[in-house]
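Order of the sequence lines fixes the chain letters, A, B, ..., with proteins taken first and strands second; residue numbering starts at 1 for each chain. If you're wondering where the values come from, they're calculated on a predicted model, not measured in any experiment.
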Amino acid sequence: MTDFLDPLPWLIMLPLAWGTLAFVLGPGRGGRLAVAAIALQGALALQLAGQLIDSGARVYAVGGWGAPLGIDLMADGLAAVMLLLTQAVALPLAVYARGYFAASPKGRELFWPFTGFLLAALNALFLSADLFNIYVTLELLGLAAVGLVAIAGGRQPVTAAMRYLFATLLGSGAWLLGVALIYGTYGSVSLAVLTPLIHAGAPLAVTLAAALMLAGLLLKTALFPFHFWLPPAHGGAPAPVSALLSALVIKATFYLALRLWLELFAPLTTVAAAQLLGVLGAAAILWGSVLALTQSRLKMLVAYSTVAQVGYLFLLFPLATLVPPGTADSALAGGVMQAVAHGLAKAAMFAATGSMIVATGRDDISRLGGVGARLPLTLFSFGLAGVTLMGLPPSGGFSAKWLLLGSALESGQWWWVVVMIVGGLLTAAYVFKVLRRAFLPRAAGDRVARVPRTLEFSAFALALASILLGLFGAPLLELLAVGREA
Amino acid sequence: MDTLTVLCLAAPLLAAALLWLPASRPLGLRLAPWAALPALLLALAAPIPYEVDLPWLLLGTRLGLDETGRVFLLFTALIWLAAGWFARAWLADDARRHIFAGFFLLTQAGNLGVCLVLDAAGFYGFFALMSLAAYGLIVHDRSPPARRAGRVYLVLALAGEMLILSGLLLVADATHMPAAVACLILGFGVKTGLPLLHVSLPLAYAATPIPGAAVLAGAMINAGLLGWLRFLPLGEAALPGAGSALMLAGLLAIFYGVAVGLTQRQPGALLAYSSISQMGYFSVALGAGLLAPELWPLLLPVVVLYALHHALAKGALFLGVGVAERCGASRRVMLGLALPALALAGAPLTSGMLVKGGLKAGLADLPAPWAELLAALLPLAALGTALLMVRLLWLVGRAAPAQRTSASVVGLLAPWLVLLLALAGLAWMMAPQSLITKALSLGAQLDAAWPPLAAAALCAIALRLRWRAPMLPPGDVLVPLLRGLAYLRRRAPALPQWRIALPSGSRAAARPPQLESQLRAWGTAGALWLALLAAVIALLAGTG
Amino acid sequence: MSDPWLPALVVLSSLLPGLIIFFLAESRIRLRTTLNLTGALVKLGFIGVMLWGVQNGREYVFRHTVLPGLDLVLHADALALLFVSLSAVLWLFTTLYAIGYLEGAPNRSRFFGFFSLCVTATVGVAMAGNLFTFFLFYELLTLATYPLVVHRGTDKALRAGHVYLAYTLAGGALLLIGTVWLYGLAGQVDFVHGGSLSALPPEAAGQLQLIFLLLIAGLGVKAALVPLHGWLPMAMVAPAPVSALLHAVAVVKAGAFGIVRVVYEVYGIEFAQSLALLLPLAIAASITIIWGSLRALFQDDLKKRLAYSTVSQVSYIVLGVALFGPLGTMGGLVHLVHQGIMKITLFFCAGNYAETLGIHKVSEMDGVGRRMPWTTLAFSLGALGMIGVPPLAGFVSKWYLGVGALEAGMPWVLAVLAASSLLNAAYFLPILHRAWFKPASGSWPDEKIPQRGRWETAPLLLIPPLATAAATLATGLFAGAAFSPLSWAELIAVREYLAWIP
């Protein structure tokens with residue numbers, strides 16, 4: 001009985017179920033169902049988090065079979081944090097999507113089913129306990145995401161979707177190759193089995209596998225210079241889709257990279273490799289920010305901002321590798337906090353962007369005049385999200401930056417400090433590029449229509465959450481620590 | 001008594017406030033001349049010493065009177081009263097007389113406060129109020145010379161204020177004594193017209209309406225002197241350097257004032273040079289006090305008495321010049337004018353003779369070169385003063401006939417007469433007995449009599465031979481100085497802008513860089529990915 | 001109502017009205033005004049309670065843990081209350097003034113919303129109990145003032161906003177680095193009397209000096225220390241109430257106040273002295289004082305002249321902080337208040353000239369004293385106060401700075417003070433001369449508000465500057481009285497130095 005009520009399987013089953021149902025029910029009722037179901041998922045994720053804090057990390061054997069025969073689900077603090085983030089972002093976005101597709105109905109039929117599958121894949125990915133299952137969830141995630149990019153139809157979105165598809169397939173392929181090498185060496189794909197086996201003197205095949213899997217994940221996470229697929233895909237899709245992709249999908253692959261680096265391949269990691277990841281992250285921050293600054297389309301600006309923000313995530317690797325434990329912990333906390341804060345803020349930003357585009361009827365930064373007067377709440381949400389991205393207090397982004405800066409200074413790696421600070425200033429530059437235009441009075445001949453209230457308030461909820469995360473971040477870090485005391 | 005003290009300062013301020021509102025302006029104008037009355041009463045009635053503390057006011061203000069303060073308050077109040085009374089008639093036709101009255105009252109409050117206040121911050125406060133408000137008196141007629149005079153006055157006054165402030169702060173600490181004394185001498189020296197700091201005086205005295213000039217020359221100039229008396233370590237420490245310098249400056253002022261004064265054509269400017277010259281005596285006396293502290297107890301009463309004499313004489317001279325201008329230089333007016341002129345020249349039986357004798361006696365005990373030097377120079381100085389006074393009488397006497405105005409003649413004559421009476425009597429009444437006895441001796445009388453007589457004789461000769469004095473512009477050295485400044489100002493480079501150049505927002509919205517489109521090509525992306533893979537393998541295997 | 005909540009309530013009393021005002025329709029003038037004034041009055045009430053409490057030795061601390069080892073602390077100590085009271089009082093006046101100033105202008109809800117946020121941030125800066133909390137509100141202030149600076153939406157305003165952001169955000173970044181570094185070195189850095197860093201091992205001295213440099217550079221941007229002052233004159237394009245607030249209470253003061261906190265309550269004045277940090281700070285402040293005055297001399301635009309004057313005047317506070325000894329401290333702290341009152345008066349008046357007669361330039365002010373005597377009277381009091389003429393407020397500051405300089409063994413500071421006063425006179429007195437003594441040159445540039453009976457301009461525009469001008473006079477004249485800014489500064493100085501005077 002208790003097994004039946006365990007939140008772990010339901011977190012995967014529920015979205016699969018409502019995604020399938022949405023095919024049948026159509027966008028109207030399907031959307032309503034989705035909102036209710038995601039709310040339920042959120043409650044489950046909270047329940048799981050509570051259980052973890054009370055009793056530590058745990059494993060769930062699907063159907064009671066257990067590894068190595070059956071499928072194991074594994075939940076620790078990190079997974080729970082990502083689960084919470086996923087549901088927290090998905091719920092307001094679902095509300096938002098209902099309003100958005102009511103206003104611009106292109107692609108509404110396929111949105112809900114694909115979203116259901118996407119969330120199922122995400123939740124499953126976070127909970128998977130073996131490398132092959134992860135491969136399966138990766139593929140499902142990639143396909144659902146590609147599908148979402150393409151739902152609006154038209155030449156440009158489909159081209160972007162194809163680019164995305166190739167990139168994600170290449171990444172998954174590399175992962176699969178790595179899994180095969182691991183299986184060939186150790187005869188297992190279970191994380192629990194493999195972790196104690198892999199040590200510093202592992203054969204070259206394992207090193208090769210680690211490199212392949214990591215490189216595949218970097219490609220899927222769109223770390224510089226592999227961000228080439230991201231801006232067209234995120235910038236071309238409908239706003240709720242862009243929000244989901246930017247906020248969650250790339251976080252999933254980052255999550256995997258983190259797990260591999262900190263747990264499975266921890267004995268293999270070297271300072272030099274960590275610095276390489278850091279350098280790529282730094283390059284992403286600078287390059288993405290500069291490019292965001294040069295965009296004239298609003299959504300492209302936000303998409304390039306994602307490229308830049310992904311870079312912050314990868315600064316965690318040099319800061320957490322072969323440094324004193326306290327420093328590593330704070331770096332990990334900072335990195336995960338950045339993932340969560342960026343997830344919430346970027347979803348809010350894309351949502352607000354979508355509202356502005358719906359209101360002005362075009363995707364052009366220079367035509368935003370009058371938005372501030374007509375859609376104050378939306379602009380406010382954009383601004384709050386911008387505050388998080390800039391890393392100004394009090395916001396989740398600031399907490400993340402604070403922790404990362406602290407560990408960088410503690411470990412003497414001051415160059416990352418410079419990168420983070422410069423990145424923050426560049427972020428401010430492109431955020432204010434939008435804000436200052438929106439403050440201007442409406443240009444003659446432009447129109448700024450009202451948008452449904454749900455669009456404004458759901459974006460605001462996300463933005464507010466990203467701010468409140470900064471004020472109440474302590475419980476999240478407590479949850480993150482579950483299962484990492486060893 | 002405390003109420004009266006507060007009233008001394010409050011009365012002019014309240015009257016000034018009444019002038020601000022159009023509704024209460026007539027009342028304010030009616031009260032304005034009498035605002036110094038409480039101060040006069042206080043000076044006459046206060047017990048000495050007298051103190052009252054007002055800890056809540058400014059930085060903790062202490063008001064009060066000592067012997068010096070009482071004399072200063074007495075003649076200051078007297079001159080303000082006379083000038084106020086005089087002004088009422090003098091400005092009867094002036095549409096802006098309420099503005100003049102306002103500044104007059106503010107200046108008055110400052111000047112009376114200076115006499116009454118005993119703490120450094122308070123002294124500085126009242127002094128500043130007086131100095132700044134006087135600007136309004138100087139520029140009252142808005143003519144170009146008046147504005148120029150005002151500007152020069154203000155620049156010097158502010159520089160003086162800053163020196164005074166620094167000096168007052170420094171003097172509290174014995175280690176900074178030389179710097180403090182230098183600051184104080186120069187700072188108050190702006191008021192007392194030390195050489196080179198004197199340039200504003202002739203301009204200001206000539207430009208200010210007569211009642212304003214009377215208080216500038218009679219009352220306010222002595223506030224600078226009071227500053228010296230209050231804050232220089234007179235009689236406490238021997239400062240031979242500062243003392244000698246001050247004495248030399250004083251001697252220079254005495255003769256320089258006479259020399260340039262003789263070249264002036266305007267009575268006001270001439271009187272200003274006379275003041276510069278007269279203030280030189282104080283510089284000499286105070287310098288002596290710094291040089292030889294043991295002499296100071298003897299010198300102080302003489303200096304105070306001299307201040308009383310000079311203030312009343314100068315006030316009377318200015319009012320007299322005004323009377324002559326308005327009512328014509330009739331014989332009776334010239335006679336009245338001759339009294340203060342004779343007094344300044346130190347003629348027998350005048351207050352001038354009394355104080356000059358005292359001063360000579362006080363300075364006689366100075367160490368070696370000084371006593372002899374002064375003994376030789378002071379008679380010459382007296383001759384100079386007398387010459388200057390003759391010249392003044394001559395200038396006034398041959399001036400154009402009176403311009404008739406509706407002003408009551410009584411309103412002009414009565415205050416003048418009051419000052420003349422005070423000049424004739426007050427100094428004798430307040431002088432110590434020993435001084436009077438000495439002054440009444442025959443030798444002293446003869447000593448005092450020759451300079452005016454000699455001056456008269458010289459002038460008679462000069463007139464007969466038709467000597468024409470060269471003409472120097474009022475403010476003498478100021479003219480080349482200002483030319484130099486103007487030249488520098490033309491040549492001075494403009495200040496650079498310190499601002500970090502920033503790219504403008506619009507320029508940042510340029511096209512995306514080329515590199516980005518190259519990164520988007522599949523070939524580049526694939527190659528980079530393989531390179532990354534190789535790099536990760538190499539780096540991970542590095543430790544293996 | 002328990003004690004910890006009072007500081008939070010003071011912050012909330014402007015935050016909540018601000019947030020509500022954002023979403024009010026443009027036309028709901030009465031509700032907006034009510035909210036604004038209620039907030040201002042309620043805040044004053046809370047502050048009054050705390051003033052009384054702190055005078056009697058009570059402590060008001062609000063603490064909330066954001067992250068482990070990172071607390072948000074609001075602490076109403078004597079120093080905080082000095083600044084809080086100033087901002088709350090001046091906020092009330094500025095709000096009144098802004099209501100009059102913006103009558104009929106567009107985007108008023110946005111304006112007043114950010115206006116309230118700006119005050120919230122200022123109050124937060126004042127009551128911040130540690131460096132992190134300070135940084136939080138410091139950055140909030142940057143964000144809240146930006147929309148006010150660009151409020152007019154002209155190209156010039158946008159450009160000024162651009163420069164403003166570039167400077168302040170870069171400054172914030174430096175401050176952040178310094179703060180993180182310090183937290184790494186010393187753990188949570190609460191503001192405590194006498195500072196907490198002297199317990200660190202002597203090897204850290206070099207790092208601490210570097211951190212001090214970072215912190216001061218970060219704060220110096222807002223405090224407009226030369227050469228970090230470039231944004232301030234440009235920000236003059238903002239509407240007059242904003243300039244008034246910016247210059248008198250909010251932005252520049254936040255920077256100066258931060259420097260006060262860092263020197264006294266992070267490093268501790270004695271420790272800062274032993275690290276040889278005070279002399280460079282005094283020199284930097286002196287350079288700023290002179291440079292700002294020199295630049296002001298050459299401005300014809302009235303508001304620009306006032307802006308450069310602010311550059312110069314705010315560094316008096318920094319200078320006072322850098323003078324080692326309680327008297328210098330008093331001079332610096334009291335100037336925090338005095339400069340605020342005087343500068344806000346001047347900006348109110350400048351706004352009145354512009355709004356009433358269209359006068360923006362000094363050269364257009366001939367004879368304006370006749371047309372607008374009350375405004376010009378207020379302006380004169382402010383200007384004379386700035387010069388340091390007794391018995392106005394500025395004199396008291398200057399006197400204590402001078403005494404403090406001697407106490408600290410830096411007599412050269414007297415020369416700086418004197419030179420600066422002369423320069424102040426050189427750029428203020430010609431204005432007064434024009435206004436009072438020159439005849440009006442025919443017509444005004446753009447007379448918008450005609451004379452109506454007694455009122456030379458709109459009553460809401462006239463009352464605030466008169467009130468603050470009266471305060472300029474009163475704070476100087478009654479400096480010795482109880483509860484004057486001077487006596488409050490003395491209370492703080494005594495507490496600050498008690499930490500090391502046995």
Most heavy-atom pairs under 4.5 Å with chain A, out of C:L165, C:L72, C:V150, belong to C:L165

Pick one of side chain, backbone, both or neither for [X], based on which atoms fall under 4.5 Å of a heavy atom in chain C.
X	answer
A:L440	side chain
A:M420	neither
A:L405	both
A:L435	neither
A:V422	neither

Heavy atoms only: give me the nearest [X]-[Y] pair and the separation to one decimal.
X	Y	value
A:P394	C:L136	CB-CD1, 3.7 Å
A:G473	C:L67	C-CD2, 4.0 Å
C:I177	A:L409	O-CD1, 4.2 Å

Contacts of A:L85 meeting side chain to side chain contact (heavy atoms under 4.5 Å, CB included) (sequence neighbours excluded), chain-then-number -> A:M82, A:V89, A:L248, A:V340, A:L344

Measuring heavy-atom distances to chain A, does [X] have an atom under 4.5 Å in its side chain, in its backbone, in both, or in neither?
X	answer
C:L182	neither
C:L185	neither
C:L176	side chain
C:L169	both

Sequence neighbours left out, what passes side-chain hydrogen bond (donor to acceptor under 3.5 Å, both in side chains) with A:T454? Give chain and number order. none

Under the rule for ring-ring contact (aromatic ring centres under 6.0 Å, His included), what residues qualify as partners of C:F135, not counting sequence neighbours? A:F398

Looking at A:F380, A:F432, A:F472, which has the largest count of heavy-atom pairs under 4.5 Å with chain C? A:F432

Among A:V417, A:L476, A:L471, A:L377, which residue forms the greatest number of heavy-atom pairs with chain C at distances under 4.5 Å? A:L471

Suppose we count any N or O donor within 3.5 Å of an acceptor, strictly below that value; which pairs fall between chain A and chain C?
unit_1	atom_1	unit_2	atom_2	d
A:F439	O	C:R110	NH1	3.3
A:L471	O	C:H64	NE2	2.6
A:G473	N	C:V66	O	3.4
A:A474	N	C:V66	O	3.2

